[in-house]
Amino acid sequence: KKDHVKHTKALRRAFDRCKVFVITLGSTEAWQFAHSGDYLVLGPDPEIDGHLLHRKTLTLEECNEDLSRFVELYRKHVPNIKIIVTVSPVPLNKTHDPDLHVVSATMKAKSTLVVAAHSLVEKYPDCVYYLPSFETVMYGVRNPWQSDMRHVSNQAVRRVMKLFQIMFMEDQSE
């Protein structure tokens, strides 16, 4: 408990001092507690009673609402915050959707998140900016993946970081 309180205070200080916040969206699949509807931060232990949790795939509308709520809340506490939103290119390694193969579930999730990210930029053009890391890895690098086909190659990481530098950094010397 003491560590949690200490961690929470440090996190709050970091959020309050932050000038630029980068958020990477990764998946639309989530788990909710059945009794409250609150979301788990991580996937549940497979041993947990299935009646305690519900699987949920967030819709585009839900993603838009949640992201807007995040921006509004952050701006309430840090009015001049700048937010860079991006979508992770890393594919899902499993899905809880019984009707979709993991490849299709990945594309559905990533497509939803890219549209949600662009919607957020359109809604908050004064403080939210989009970094196309997903698109850069998927379509802008000759060899985007390491041999396991799940982890992004060093070449792709360098390309994304160079794009970040060009788009968001004033000093282009490095």
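Note: hydrogens, waters and symmetry copies are ignored here, and every other heavy atom, side chains too, is used.
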In this structure, would [X] and [Y] fall into the same cluster of hydrophobic residues linked by side-chain contacts under 4.5 Å?
X: Phe168; Y: Leu163; value: yes
X: Leu131; Y: Met138; value: yes
X: Met107; Y: Val102; value: no
X: Val160; Y: Leu25; value: yes
X: Ile81; Y: Met169; value: yes

At their closest point, which heavy atom of [X] faces which heavy atom of [Y], and how far apart are they?
X: Val152; Y: Pro89; result: CG2-CG, 3.9 Å
X: Val78; Y: Cys18; result: CG1-O, 3.8 Å
X: Ala109; Y: Ser27; result: CB-CA, 4.5 Å
X: Gly26; Y: Leu92; result: O-CD2, 4.4 Å
X: Ala117; Y: Val87; result: CB-CG2, 4.4 Å
X: Leu100; Y: Lys108; result: CD1-CD, 3.8 Å

**Q.** Val121 and Tyr129, any side-chain heavy atoms less than 4.5 Å apart
**A.**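 Sidechains of Val121 and Tyr129: no contact.
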How far does [atom1] of [X] sit from [atom2] of [Y], to the nearest 0.5 angstrom?
X: Thr28; Y: Leu113; atom1: OG1; atom2: CG; answer: 6.0 Å
X: Glu29; Y: Lys56; atom1: CD; atom2: NZ; answer: 12.0 Å
X: Ser119; Y: Glu61; atom1: OG; atom2: CD; answer: 9.5 Å
X: Asn64; Y: Glu122; atom1: CG; atom2: CD; answer: 9.5 Å
X: Gln32; Y: Leu52; atom1: CD; atom2: CG; answer: 13.5 Å
X: Ser111; Y: Leu60; atom1: OG; atom2: CG; answer: 10.5 Å

Q) Are the ring centres of His118 and Tyr130 closer than 6.0 Å? A)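 Yes.
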Q) What's the verdict on side chain to side chain contact (heavy atoms under 4.5 Å, CB included) for Ile84 and Phe164, showing C-alpha distance, side-chain angles and the deciding distance? A) CA-CA 10 Å; Ile84 299 171; Phe164 181 92; 3.7 Å; yes
Q) Please walk me through it: do Arg75 and Asp126 pass salt bridge (charged side-chain N to carboxylate O under 4.0 Å, His left out)? A) CA-CA 11 Å; Arg75 288 175 77 178; Asp126 60 319; 2.9 Å; yes
Q | Pair Ser133, Thr86: side-chain N/O donor-acceptor within cut-off below 3.5 Å | A |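 The criterion, which ignores hydrogens and geometry beyond distance, is satisfied for Thr86 and Ser133.
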Q | Distance-only polar pair, side chains of Lys123 and Ser68, donor-acceptor under 3.5 Å | A | yes
Q. Mind checking whether Tyr74 and Phe70 have parallel, tilted or perpendicular rings, split at 30° and 60°?
A.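 Judged by the thresholds at 30° and 60°, the geometry between Tyr74 and Phe70 is perpendicular.
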Q. Run the ring-ring contact (aromatic ring centres under 6.0 Å, His included) check on Phe21 and Phe15 step by step: do they pass?
A. CA-CA 8 Å; Phe21 187 90; Phe15 272 104; 5.5 Å; yes
Treating [X] as the side-chain partner and [Y] as the backbone partner, does any N or O pair qualify as donor plus acceptor under 3.5 Å?
X: Arg150; Y: Pro91; value: yes
X: Thr136; Y: Pro132; value: yes
X: Glu72; Y: Arg69; value: no

(Q) Between the side chains of Lys6 and Asp3, is the shortest nitrogen-to-carboxylate-oxygen separation below 4.0 Å, so that they form an ion pair? (A) no
Q: For Phe134 and Lys110, run side chain to side chain contact (heavy atoms under 4.5 Å, CB included): C-alpha distance rounded to whole Å, both residues' side-chain angles, the deciding distance at 0.1 Å, then the answer.
A: CA-CA 8 Å; Phe134 174 82; Lys110 302 302 178 174; 3.7 Å; yes
Q: Mind running side chain to side chain contact (heavy atoms under 4.5 Å, CB included) on Ile83 and Val20 for me, showing each step along the way?
A: CA-CA 6 Å; Ile83 299 169; Val20 178; over 6 Å; no
Q: Check the pair Asn154, Arg158 against side chain to side chain contact (heavy atoms under 4.5 Å, CB included), reporting the backbone distance first and the verdict last.
A: CA-CA 6 Å; Asn154 290 339; Arg158 283 192 300 275; 3.5 Å; yes
